[in-house]
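Have a look at the structure below before the remarks.
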Number of protein chains: 2
Amino acid sequence: MTETHDAGGTLLVGFVLFPGYTALDLIGPHEVLVRSRSRCILIARTRESVTSNNGIRISPDMTFRDCPELDVLVVPGGPGQEHAMNDEELIAFIAHQTAGVTWIASVCTGALLLARTGVLTGRRATTHWLAMEELARFGAVPVRERVVWDGRIVTAAGVSAGIDLALSLTAAMYGPTEAQRIQLAIEYDPAPPFDAGAPEKAPNELVQQLRGSSRFALKPA
Amino acid sequence: MTETHDAGGTLLVGFVLFPGYTALDLIGPHEVLVRSRSRCILIARTRESVTSNNGIRISPDMTFRDCPELDVLVVPGGPGQEHAMNDEELIAFIAHQTAGVTWIASVCTGALLLARTGVLTGRRATTHWLAMEELARFGAVPVRERVVWDGRIVTAAGVSAGIDLALSLTAAMYGPTEAQRIQLAIEYDPAPPFDAGAPEKAPNELVQQLRGSSRFALKPA
């Protein structure tokens, strides 16, 4: 395995799995990065399949214990993030890998797991729009942008933003032409039928409804 | 299970799995539809996990044999579509379900599997930009749009277009407010770092490169 990243090398990209991850947080960036020269692996506590918050069961490739040093770490989010904050083995794995990798990435509330290890303290980062205050509570500097870079750390907004993050990360890893080639291959020319993908754009009633039912809504101030 | 779709009902949405599917073709629309009132299930030949073209192993919920009548059928694409065209059990399952469902959907080259059953004959449909001619060979009327509706059939362009399709389908199933709520929840406010997601927009060199290496490139005229 390489410890440096040069234009000709293959980088090892590890995606962390935990119970209750959001499937698109994982598969969005995976679909992009796996089409680059990267080798992509899924890592979990055991080799058993891990169930997403919505019932998708995905089998990991190796365990935290067996995982070699990565070049890139990608941490998805999802409702399971809350429980994962107290999963010492998972947090230790993330902390260990973040110390050595070239790039650190998170999608959605995966940023909170990164923050839990201290690696985001004082760093600019983003997360799902419903979790921005929670991210600040864990010491990061929340930035309301879709993809936020701070040095070797790149964080994405909610769920679907992981695709945008991965294209940006691919460009950093292998250059913009490679990112564009992959964008064309997955025909990522988005055309949502509505313009309601951010709280600044969606009907206020929906924003309030999601705020009210959010797992972050009842946190003490 | 309901055979009609009313505003208060829960619809049963089935996603077909076959070896070599593209993971984002599946997970993109699943992430949207599973957040609606729909019940979503993954269906495959056996209960064993099914491996995507890029090594993602997902466990199905039931077999073709055990699957009840669906309200909505979603067929993903991927390089495995080619082999799947000759998988009699898969094709028979798709043909049987398409006869009864309220809505039929495909992503990417999943449209070719639909076409294989005859359900797209003479119908407007789309697929991955590299497979448009192949779609015509199977009797459909290819339309170069991201999401194409023809009656109860909705087809999407390549890979990532399944997210746009699913929002459109959710609006048809449960109304536009429900689609917008889900769009906001998954923060689908796309901002690709490049504008290369379609052959009309990407650098011509990349278009030619992907055309040359396409599995559809060597087909006899």
Side-chain angles (χ1 to χ4, degrees), chain A residues 22-24 26-28 30-32 34-35 40-42 49 54-59 61 108 128-130 145-147 157-161 163-164 167-168 171 176-177 179-181 183-203 205-207 209-210, chain B residues 22-24 26-28 30-32 34-35 40-42 49 54-59 61 108 128-130 145-147 157-161 163-164 167-168 171 176-177 179-181 183-203 205-207 209-210:
Chain A
T22 289
L24 187 55
L26 172 78
I27 296 299
H30 185 278
E31 191 67 61
V32 171
V34 80
R35 290 167 186 259
C40 291
I41 54 173
L42 310 187
S49 70
N54 284 313
I56 294 285
R57 289 173 290 153
I58 296 182
S59 300
D61 299 304
C108 198
H128 193 286
W129 62 274
L130 284 168
E145 290 170 14
R146 190 150 178 87
V147 175
V159 191
S160 60
I163 301 172
D164 296 320
L167 288 169
S168 182
T177 299
Q180 290 172 300
R181 185 186 66 75
Q183 183 182 4
L184 180 58
I186 65 168
E187 208 164 342
Y188 185 50
D189 184 29
F194 305 100
D195 191 16
E200 298 83 358
K201 300 174 174 181
E205 197 175 279
L206 289 175
V207 175
Q209 182 186 329
L210 290 185
Chain B
T22 289
L24 187 55
L26 172 78
I27 296 299
H30 184 277
E31 191 67 62
V32 172
V34 80
R35 290 167 186 259
C40 291
I41 55 174
L42 311 186
S49 70
N54 283 314
I56 294 285
R57 289 173 290 152
I58 296 182
S59 300
D61 299 303
C108 198
H128 193 286
W129 62 274
L130 284 168
E145 290 170 14
R146 190 149 177 90
V147 175
V159 191
S160 60
I163 301 172
D164 296 320
L167 289 169
S168 182
T177 300
Q180 289 171 302
R181 185 186 67 77
Q183 183 181 4
L184 180 57
I186 66 168
E187 207 163 345
Y188 185 49
D189 183 29
F194 306 100
D195 190 17
E200 298 83 359
K201 300 175 175 180
E205 198 175 279
L206 289 175
V207 176
Q209 182 187 330
L210 290 185

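Throughout, a chain's letter reflects where its sequence line sits, starting with A, and its residues are numbered from 1. As the structure is a prediction and not an experimental result, all values here were calculated from the model.
- Distance check, rounded to the nearest 0.5 Å: CD of A:E31 to CD1 of B:I27 gives 10.5 Å.
- Take B:S160 and apply the side-chain contact (heavy atoms from CB on, under 4.5 Å) test, not counting sequence neighbours, and it matches A:Y188, B:L24, B:R146.
- When heavy atoms are compared at a cutoff of 4.5 Å, A:V207 approaches chain B by way of both its backbone and its side chain.
- Highest contact tally toward chain B, considering only A:L42, A:L26, A:I56, is held by A:I56 [criterion: heavy-atom pairs under 4.5 Å].
- Heavy-atom minimum distance, A:V159 versus B:R35: CG2-NH2, 4.2 Å.
- Of the two parts of B:I186, the backbone and the side chain both hold a non-hydrogen atom closer than 4.5 Å to a non-hydrogen atom of chain A.
- At a threshold of 4.5 Å between non-hydrogen side-chain atoms, the residues B:I163 and A:I163 count as touching.
- Interface residue B:A23: backbone and side-chain heavy atoms are both found under 4.5 Å from chain A.
- With sequence neighbours left out, A:Q183 forms a side-chain hydrogen bond (donor to acceptor under 3.5 Å, both in side chains) with no residue at all.
- With a threshold of 4.5 angstrom between heavy atoms, A:A202 approaches chain B through side-chain atoms but not through N, CA, C or O.
- For A:P176, the parts sitting under 4.5 Å from any heavy atom of chain B are the backbone and the side chain alike.
- Summarising the geometry, atom CG belonging to B:D189 is positioned 9.0 Å from atom CG belonging to A:D164; distances are rounded to the nearest 0.5 Å.
- Side chain of B:E187 to backbone of A:A161: no donor-acceptor contact under 3.5 angstrom is found.
- For chain B, the option among A:A157, A:S59, A:P199 with the highest count of heavy-atom pairs below 4.5 Å is A:S59.
- By number of non-hydrogen pairs under 4.5 angstrom with chain B, the leading residue of A:P203, A:P192, A:P193 is A:P192.
- Here the CD-OG1 distance, from A:Q209 to B:T177, works out to 9.5 Å after rounding to the nearest 0.5 Å.
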For this session: Verify side-chain contact (heavy atoms from CB on, under 4.5 Å) between A:L184 and B:K201, making sure each step is shown before the conclusion.
Result: CA-CA 9 Å; A:L184 180 58; B:K201 300 175 175 180; over 6 Å; no

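- Only the side chain of A:L210 comes within less than 4.5 Å of a heavy atom of chain B; its backbone N, CA, C and O stay farther away.
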